[in-house]
Colleague: 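Take a look at this one; I'll ask things after.
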Amino acid sequence: MMRIDYAKLSPKAYQGLIACKNALSESSLGLSLVELVYLRVAQLNGCAFCLQLHSKALRGRGASQEKLDALAGWDVAEVLSPREAAAISWTEAVTGVANSRAPDSVYQPLREHFNDAEISDLTFAIALMNAFTRIAVAMRQ
């Protein structure tokens, strides 16, 4: 059971997160990549609600079940494109920034697949989903 209805109790803050999500849905990254990033953040943060939500969204966008099943082991499963792999590697570094410090060795490969605006959007997408998953887990959504 959810602890409190944070969206109703903090509507302006919640709407700010939604506005960010809506802006990112128009990014040149593409919704499929953004959803893949969201799903990986949900996996890393153990958010059951978000896992279900983003898996369903990806399936609706045509993602294979094989890709969804292998995402947690993406670095050995070889189911991601090089662009997706760079994004997911960055996702892990940013999500675990307290330990990873977002190293250059993970950042530099992004430059092969994304322009500066896309790297910025990707980083916002990762940060946004970390905010959503942390709130959802803390409030038992």
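Computed from a predicted model, the values in this text were never measured in an experiment.
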Colleague: Determine, stepwise, if the pair Arg40 / Glu92 fulfils salt bridge (charged side-chain N to carboxylate O under 4.0 Å, His left out).
Modeller: CA-CA 8 Å; Arg40 186 64 185 130; Glu92 291 181 357; 2.9 Å; yes

Colleague: Going by distance alone, is a donor N or O of one side chain under 3.5 Å from an acceptor N or O of the other, for Asp104 and Gln108?
Modeller: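 Result is no, nothing qualifies.
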
Colleague: Measure the spacing between NZ of Lys67 and OG of Ser32 and express it to the nearest 0.5 Å.
Modeller: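 The distance works out to 8.0 Å.
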
Colleague: Please find the pair of heavy atoms, one from Ala93 and one from Ala102, that lie closest to each other, and give the distance.
Modeller: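 Looking at all heavy atoms of both residues, the shortest contact is CB-CA, 4.2 Å.
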
Colleague: Determine whether Ile126 and Phe124 fall in the same hydrophobic cluster, where Ile, Leu, Val, Met, Phe, Trp and Tyr are linked whenever their side-chain heavy atoms lie under 4.5 Å apart.
Modeller: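 Yes, it is one cluster - the side chains of Ile126 and Phe124 are joined through contacts under 4.5 Å.
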
Colleague: When Thr133 is tested against each of Leu51, Leu44, Asn45 for side-chain contact (heavy atoms from CB on, under 4.5 Å), which residue passes?
Modeller: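 The single option meeting the side-chain contact (heavy atoms from CB on, under 4.5 Å) with Thr133 is Asn45.
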
Colleague: First locate atom CZ of Arg83, then atom CG of Leu36, and finally report the distance between them rounded to the nearest 0.5 Å.
Modeller: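 It comes to 11.0 Å.
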
Colleague: Examine Val76 and Ile88 and state if one hydrophobic cluster contains both, with Ile, Leu, Val, Met, Phe, Trp and Tyr joined whenever side-chain heavy atoms are less than 4.5 Å apart.
Modeller: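 No, because Val76 and Ile88 fall into different hydrophobic clusters, even though each may have its own neighbours under 4.5 Å.
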
Colleague: Give the cluster check for Val137 versus Met139: same hydrophobic cluster or not, with ILVMFWY residues linked at side-chain heavy-atom distances below 4.5 Å.
Modeller: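 The answer is no; the residues belong to distinct hydrophobic clusters.
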
Colleague: Atom NE2 in His113, atom CG in Leu33: separation rounded to 0.5 Å?
Modeller: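 Rounded to the nearest 0.5 Å, the NE2-CG separation comes out at 11.5 Å.
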
Colleague: Please report the C-alpha distance between Trp90 and Phe114 in whole Å, then the side-chain angles of each, then the deciding distance to 0.1 Å, and finally whether the side-chain contact (heavy atoms from CB on, under 4.5 Å) criterion is met.
Modeller: CA-CA 12 Å; Trp90 186 239; Phe114 301 97; over 6 Å; no

Colleague: Do Leu29 and Leu17 sit in one hydrophobic cluster, given that two such residues count as connected whenever their side-chain heavy atoms are within less than 4.5 Å of each other, even indirectly?
Modeller: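 Yes.
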
Colleague: Check whether the side chains of Gln43 and Trp74 place a donor and an acceptor atom closer than 3.5 Å, and report yes or no.
Modeller: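 There is no such pair between these side chains.
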
Colleague: Would you please test Met129 and His54 for side-chain contact (heavy atoms from CB on, under 4.5 Å) and show each step?
Modeller: CA-CA 11 Å; Met129 191 48 50; His54 299 294; 3.5 Å; yes

Colleague: If I compare all heavy atoms of Leu68 with all of Ser55, which pair ends up nearest, and what's the gap?
Modeller: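 Nearest pair, atom of Leu68 first, then Ser55: CD1-O, 3.9 Å.
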
Colleague: Would a distance-only check, ignoring hydrogens and angles, find a side-chain to backbone donor-acceptor pair under 3.5 Å from Ser89 to Ala86?
Modeller: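 No, Ser89 side chain to Ala86 backbone: no donor-acceptor pair under 3.5 Å.
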
Colleague: Determine whether Phe49 and Val37 fall in the same hydrophobic cluster, where Ile, Leu, Val, Met, Phe, Trp and Tyr are linked whenever their side-chain heavy atoms lie under 4.5 Å apart.
Modeller: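 No, because Phe49 and Val37 fall into different hydrophobic clusters, even though each may have its own neighbours under 4.5 Å.
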
Colleague: Can you find a pair of side-chain heavy atoms, one from Gln141 and one from Tyr6, that are under 4.5 Å apart?
Modeller: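 The answer is yes; the side chains approach within 4.5 Å.
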
Colleague: Look up atom CD1 in Ile4 and atom CZ in Arg140, then write down how far apart they are to the nearest 0.5 Å.
Modeller: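 Rounded to the nearest 0.5 Å, the CD1-CZ separation comes out at 12.0 Å.
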
Colleague: Donor-acceptor pair, Glu112 side chain versus Pro109 backbone, under 3.5 Å?
Modeller: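 A pair under 3.5 Å: no.
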
Colleague: Give, for atom CD of Glu84 and atom CG of Leu71, the distance between the pair rounded to the nearest 0.5 Å.
Modeller: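 Reported value, rounded in 0.5 Å steps: 9.0 Å.
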
Colleague: Please give me the minimum heavy-atom distance between Ala138 and Arg3, naming the atom from each residue.
Modeller: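 Looking at all heavy atoms of both residues, the shortest contact is O-NH1, 2.8 Å.
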
Colleague: Measure the CG-CG distance between Leu58 and Leu31 for me, rounded to the nearest 0.5 Å.
Modeller: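 Going from CG on Leu58 over to CG on Leu31, the span is 10.0 Å.
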
Colleague: Passes side-chain contact (heavy atoms from CB on, under 4.5 Å), Asp121 versus Val34? Steps please.
Modeller: CA-CA 9 Å; Asp121 283 351; Val34 170; over 6 Å; no

Colleague: So do the side chains of Tyr14 and Leu9 get within less than 4.5 Å of each other, counting heavy atoms only?
Modeller: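 No - every pair of side-chain heavy atoms lies 4.5 Å or more apart.
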
Colleague: Looking at Glu78, I want to see if its CD is surrounded by more than 12 non-hydrogen atoms of other residues, nucleotides or ligands under 6.0 Å.
Modeller: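 Open: at most 12 neighbouring heavy atoms sit under 6.0 Å from CD of Glu78.
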
Colleague: Does the pair Asp69 and Glu66 meet the rule for a side-chain contact (heavy atoms from CB on, under 4.5 Å), with working shown?
Modeller: CA-CA 5 Å; Asp69 291 345; Glu66 177 187 16; 5.8 Å; no

Colleague: What heavy-atom pair brings Ala77 and Ala70 nearest, and what distance separates the two atoms?
Modeller: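 Shortest heavy-atom separation between Ala77 and Ala70 comes out as CB-CB, 3.6 Å.
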
Colleague: Would you say Thr95's side chain and Thr91's backbone share a donor-acceptor pair under 3.5 angstrom?
Modeller: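 Yes; judged by distance alone, with no hydrogens or angles, the pair exists.
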
